[in-house]
Amino acid sequence: MNNVNQADFWQQRYEQDSIGWDMGEVSPPLKAYIDQLPETAKGQAILVPGAGNSYEVGYLHEQGFTNVTLVDFAPAPIQAFAERYPDFKSEHLICADFFDLSPEQYQFDWVLEQTFFCAINPARRDEYIEQMAALLKPKGKLIGLLFDRDFGRKEPPFGGTKEEYQHRFESLFDIETMKPSYNSHSARQGSELFVKLRVN
Ligand SMILES: C[S@@+](CC[C@H](N)C(=O)[O-])C[C@H]1O[C@@H](n2cnc3c(N)ncnc32)[C@H](O)[C@@H]1O
């Protein structure tokens, strides 16, 4: 397996413009989710980990969400984002390994998941779940999309099944929603689950 645990692996993909995962736009189900949030959500602390080119962060920012934090360990997409959004708070652009974020320093009301879970080594899935739970405030939520298919490859994206996700997440999260996404991007139709998981 390529070393997906290392920032260099991803940085090179950005430098070589080999970023097949990048949809070039906000993921439609996540845009629909953001659009139905009340005004009161706009000050909530939101994390977008493994954000890459961060169309969701850009959209949240444009909609007036003021407390959004972007984390990625590859510097290239963060730099590109900062150039696209010079008015975005630089202290909310964090170039670091998600697994190294300190829960003592960072606590979020909710986290937006978009092709980050599928990018990490599958052997680290329980570690991802533990770190996610630690970074969320009590009753905080993990919201987003998980692939509902097996890509059968030894490189990302690493897929999975609803059964696997239910089994893994239920030790630390209440599963409020885990259902096929009806409004996925055309390239991902029929292959995504929309999830809303609450720390228990
Ligand atoms: C498949 S890309 C998805 C990017 C973005 N979410 C999107 O949908 O376009 C995975 C991203 O996660 C980042 N990443 C992978 N492992 C990471 C880690 N442990 N900590 C922080 N970022 C990580 C990579 O640098 C890359 O930008």
Side-chain angles (χ1 to χ4, degrees), residues 1-34 46-61 68-85 88 92-103 105-106 108 110-135 142-149 151 153-160 181 183-189 191-195:
M1 186 183 298
N2 290 313
N3 205 346
V4 299
N5 296 327
Q6 304 294 326
D8 276 357
F9 170 83
W10 295 97
Q11 174 69 9
Q12 276 177 22
R13 302 284 299 264
Y14 287 102
E15 286 172 1
Q16 294 162 2
D17 201 21
S18 176
I19 52 172
W21 62 81
D22 190 306
M23 293 189 294
E25 62 179 273
V26 186
S27 173
L30 301 184
K31 178 178 181 299
Y33 178 76
I34 293 165
I46 304 164
L47 170 67
V48 184
N53 277 319
S54 312
Y55 305 102
E56 288 73 27
V57 179
Y59 186 68
L60 285 162
H61 181 61
V68 185
T69 298
L70 175 169
V71 171
D72 203 295
F73 63 8
I78 296 192
Q79 196 179 330
F81 181 88
E83 284 165 16
R84 288 204 319 277
Y85 292 97
F88 192 87
H92 284 197
L93 294 178
I94 302 178
C95 191
D97 191 320
F98 165 77
F99 294 101
D100 291 339
L101 290 184
S102 159
Q105 189 177 356
Y106 298 107
F108 299 97
W110 51 283
V111 176
L112 204 56
E113 164 60 51
Q114 158 75 9
T115 51
F116 174 51
F117 182 84
C118 69
I120 62 165
N121 184 328
R124 303 188 82 183
R125 287 189 168 177
D126 290 341
E127 201 185 332
Y128 165 107
I129 292 167
E130 284 162 22
Q131 172 70 339
M132 199 59 86
L135 291 169
L142 171 60
I143 291 156
L145 297 159
L146 298 176
F147 276 119
D148 188 18
R149 59 178 285 199
F151 293 94
R153 301 177 343 156
K154 286 193 161 50
E155 60 183 77
F158 302 109
S181 165
N183 53 355
S184 290
H185 187 278
S186 54
R188 296 190 184 158
Q189 280 289 340
S191 63
E192 292 183 315
L193 296 167
F194 181 77
V195 303

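Note that ligands are numbered from 1 as they come in the structure, with each ligand's atoms numbered from 1 the same way. What you see below is based on every heavy atom in this structure, not just the backbone, and it leaves out hydrogens, waters and symmetry mates.
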Hey, can you tell me if Phe116 and Phe98 have their rings parallel, tilted or perpendicular (30° and 60° cut-offs)? perpendicular

Can you name the side chain to side chain donor-acceptor pair (under 3.5 Å) partners of Tyr106, sequence neighbours left out? none

Check salt bridge (Lys or Arg N to Asp or Glu O under 4.0 Å) between Arg124 and all other residues, then give those that pass, not counting sequence neighbours. Glu127

Set of side chain to side chain contact (heavy atoms under 4.5 Å, CB included) partners for His92, sequence neighbours left out: Asn67, Thr69, Phe88, Lys89

Exercise answer, ligand 1 polar atom pairs (N/O) under 3.5 angstrom:
residue	atom	partner	partner atom	Å
ligand 1	6 (N)	Gly50	O	2.8
ligand 1	6 (N)	Gln114	O	2.7
ligand 1	8 (O)	Thr115	OG1	2.5
ligand 1	19 (N)	Asp97	OD1	3.0
ligand 1	20 (N)	Phe98	N	2.9
ligand 1	22 (N)	Phe73	N	3.2
ligand 1	25 (O)	Asp72	OD1	2.6
ligand 1	27 (O)	Tyr14	OH	2.6
ligand 1	27 (O)	Asp72	OD1	3.3
ligand 1	27 (O)	Asp72	OD2	2.6

Separation of Phe147 CZ from Arg188 CZ (nearest 0.5 Å): 4.5 Å

Can you tell me how far the OH atom of Tyr14 sits from the CD atom of Gln11, to the nearest 0.5 Å? 9.0 Å

